[in-house]
Amino acid sequence: MQKSHSRVAAIHDLSGFGRCSLSVIMPALSAMGVQVCAVPTAILSTHTGGMGDVEMRDLTDYISGALEHYQRLGLEFDGIYSGFLSNEAQIDHCLEFLEAYPKALHVVDPVMGDHGKPYRTCTADIRRRMRELVREAGIITPNLTEVSILLGIDYPQGPLTTSQTKSYLARLGELGPAQVVITGVNLMSGVISNVGYDRDRNAYWRADCQYVPVAYPGTGDLFAAVLTGGLLSGDSLPLAISRATAFVELCIKTTYGYGTDPRFGVLLEHSLPWLTRDQILTGYQAL
Ligand code: PXL
């Protein structure tokens with residue numbers, strides 16, 4: 001991969017334990033040669049996935065002040081990348097960031113839930129207003145739970161057909177973003193696909209990985225981070241999807257082999273060197 005000197009503002013939470021959000025986004029993007037400017041939306045002792053009462057501080061008041069400081073400094077960003085938001089007002093602050101850097105790549109990971117259920121911090125207001133943020137995105141990376149919230153449809157149970165998948169991608173594109181990636185789609189048994197759409201080219205792609213019967217928190221964050229790093233370093237959309245898919249599959253399979261507690265996330269430390277090496281990627285096909 002072509003190395004760049006890109007800088008991205010990452011508007012996400014910092015969860016101390018459990019390997020998700022900024023804890024995995026920062027090392028992944030750094031390994032890819034992309035500088036990360038962390039804009040924490042909240043600090044949590046762990047992620048919210050099954051580790052009991054979480055100690056949490058909301059940082060809504062911090063985000064606008066940080067943006068103002070960066071503007072006073074004249075700092076430029078090549079990418080603005082938003083993820084987990086702890087409060088509906090943070091949608092306004094993300095919109096301010098996007099507006100302040102109109103030429104940057106706008107990546108919105110509409111983090112709201114998984115396995116058909118919203119995260120416990122994801123209020124009805126956040127779910128209702130996420131579409132406002134999606135409207136201003138250049139690219140979004142929802143999972144199927146988030147697709148169902150954004151499109152106002154039931155969470156799809158069971159495998160999807162190709163035409164259903166394409167219809168979801170196109171309908172999400174109609175909400176605003178020119179590029180859409182849906183993660184974790186079950187198109188056929190034993191395989192999980194990440195699917196992508198480029199509205200201007202009317203092109204659809206898929207990159208497949210083997211199904212592993214365990215779910216780790218933070219894999220969506222890692223996927224979106226590697227996708228963002230790829231795009232900022234010159235990958236085409238299908239190559240960036242292929243890169244992010246291959247890396248997340250590597251992390252999951254490495255971790256599954258060791259049998260660690262799934263709540264602790266993937267063993268990123270083992271897999272991170274993969275991101276620093278040039279990879280020959282062909283792992284996508286037309287959808
Ligand atoms: O990986 C998504 C995520 C991000 N941030 C927090 C979470 C989760 C998923 O559980 O709890 C705090």
Without swapping roles, check the side chain of R263 against the backbone of G50 for a donor-acceptor pair under 3.5 Å.
-> yes

Does any pair with a residue in residues 11-38 pass side chain to side chain donor-acceptor pair (under 3.5 Å), and if so which ones, sequence neighbours excluded?
-> R7-Q35, D13-S15, D13-S21, R19-E269

Go through the steps to decide whether L268 and V24 satisfy the test side chain to side chain contact (heavy atoms under 4.5 Å, CB included), and finish with yes or no.
-> CA-CA 7 Å; L268 177 66; V24 297; 3.8 Å; yes

Which atom of M26 lies closest to which atom of A38, heavy atoms considered | SD-CB, 3.9 Å

Could you go step by step and tell me if V111 and L85 meet the side chain to side chain contact (heavy atoms under 4.5 Å, CB included) rule?
-> CA-CA 8 Å; V111 176; L85 307 178; over 6 Å; no

Scan residues 132-148 for pairs that pass salt bridge (Lys or Arg N to Asp or Glu O under 4.0 Å), counting only residues two or more places apart or in two chains.
-> R129-E132

For the pair D109 and T141, evaluate side-chain hydrogen bond (donor to acceptor under 3.5 Å, both in side chains) and give the outcome as yes or no after the intermediate values.
-> CA-CA 5 Å; D109 186 3; T141 57; 3.1 Å; yes

Side chain to side chain contact (heavy atoms under 4.5 Å, CB included) with D61: which residues, sequence neighbours excluded?
-> none

Heavy atoms from other residues, nucleotides or ligands near CG of D154 exceed 12 (cutoff 6.0 Å) | no

Verify same cluster id: I126, I11 (apolar side-chain graph, 4.5 Å) | yes

Of all heavy-atom pairs between V181 and L237, which one has the smallest distance, and what is that distance?
-> CG2-CD1, 4.1 Å

Starting from I280, walk the hydrophobic network (Ile, Leu, Val, Met, Phe, Trp, Tyr; side-chain heavy atoms closer than 4.5 Å) and list everyone else you reach, by chain and number.
-> none

Stepwise side chain to side chain contact (heavy atoms under 4.5 Å, CB included) check, L14 with L59 | CA-CA 10 Å; L14 177 63; L59 291 177; over 6 Å; no

Chi angles and distances behind the side chain to side chain contact (heavy atoms under 4.5 Å, CB included) call for V180, Y204 = CA-CA 10 Å; V180 176; Y204 296 84; over 6 Å; no

Is V8 reachable from I80 through a run of hydrophobic residues whose side-chain heavy atoms are each under 4.5 Å from the next?
-> no

With sequence neighbours left out, what residues match A89 under side chain to side chain contact (heavy atoms under 4.5 Å, CB included)?
-> T60, N87

Between Q90 and S86, does any side-chain donor sit less than 3.5 Å from a side-chain acceptor?
-> yes

When rounded to the nearest 0.5 angstrom, what is the spacing between CG in D221 and OH in Y81?
-> 5.5 Å

Between L227 and Y168, is there a shared hydrophobic cluster once you connect ILVMFWY residues whose side-chain heavy atoms come closer than 4.5 Å?
-> no

So, for Y258 and H270, is the gap between ring centers shorter than 6.0 Å?
-> yes

May I have the step-by-step check of side-chain hydrogen bond (donor to acceptor under 3.5 Å, both in side chains) for N194 and T245, ending in yes or no?
-> CA-CA 7 Å; N194 298 312; T245 303; 3.0 Å; yes

Least distance between heavy atoms, S6 atom then D78 atom = CA-OD2, 3.2 Å

Mutual orientation of the aromatic rings belonging to F77 and Y70 [parallel < 30°, tilted 30-60°, perpendicular > 60°] | perpendicular

In one Ile/Leu/Val/Met/Phe/Trp/Tyr side-chain cluster, 4.5 Å: V195, M188 = no

For the student: nearest non-hydrogen atoms of V134 and V108, plus distance | CG2-CG1, 4.4 Å

For R120, does the CZ atom sit with more than 12 other heavy atoms under 6.0 Å from it, leaving out its own atoms?
-> yes

Answer yes if the ring centres of F264 and F17 are under 6.0 angstrom apart, and no otherwise.
-> yes

Indicate the atoms forming the closest heavy-atom contact of G176 with R199, along with that distance.
-> O-NH1, 3.1 Å

Evaluate whether atom CD of Q71 has more than 12 neighbouring non-hydrogen atoms of other residues, nucleotides or ligands under 6.0 angstrom away.
-> yes

Please test T123 against E88 for side-chain hydrogen bond (donor to acceptor under 3.5 Å, both in side chains), starting from the C-alpha separation and ending with a verdict.
-> CA-CA 8 Å; T123 61; E88 172 243 330; over 6 Å; no

List for me each residue that meets side chain to side chain donor-acceptor pair (under 3.5 Å) alongside Q210, sequence neighbours excluded, and say none if there are none.
-> K253

Search all heavy atoms of A207 against all heavy atoms of I241 and return the closest pair with its distance.
-> CB-CG2, 3.9 Å

Single-linkage hydrophobic cluster Y216~V185, side-chain heavy atoms < 4.5 angstrom | no

Is D125 salt-bridged to R127, cutoff N-O under 4.0 Å?
-> no

Taking atom CG of D53 as the centre, does the number of heavy atoms from other residues, nucleotides or ligands within less than 6.0 Å exceed 12?
-> no

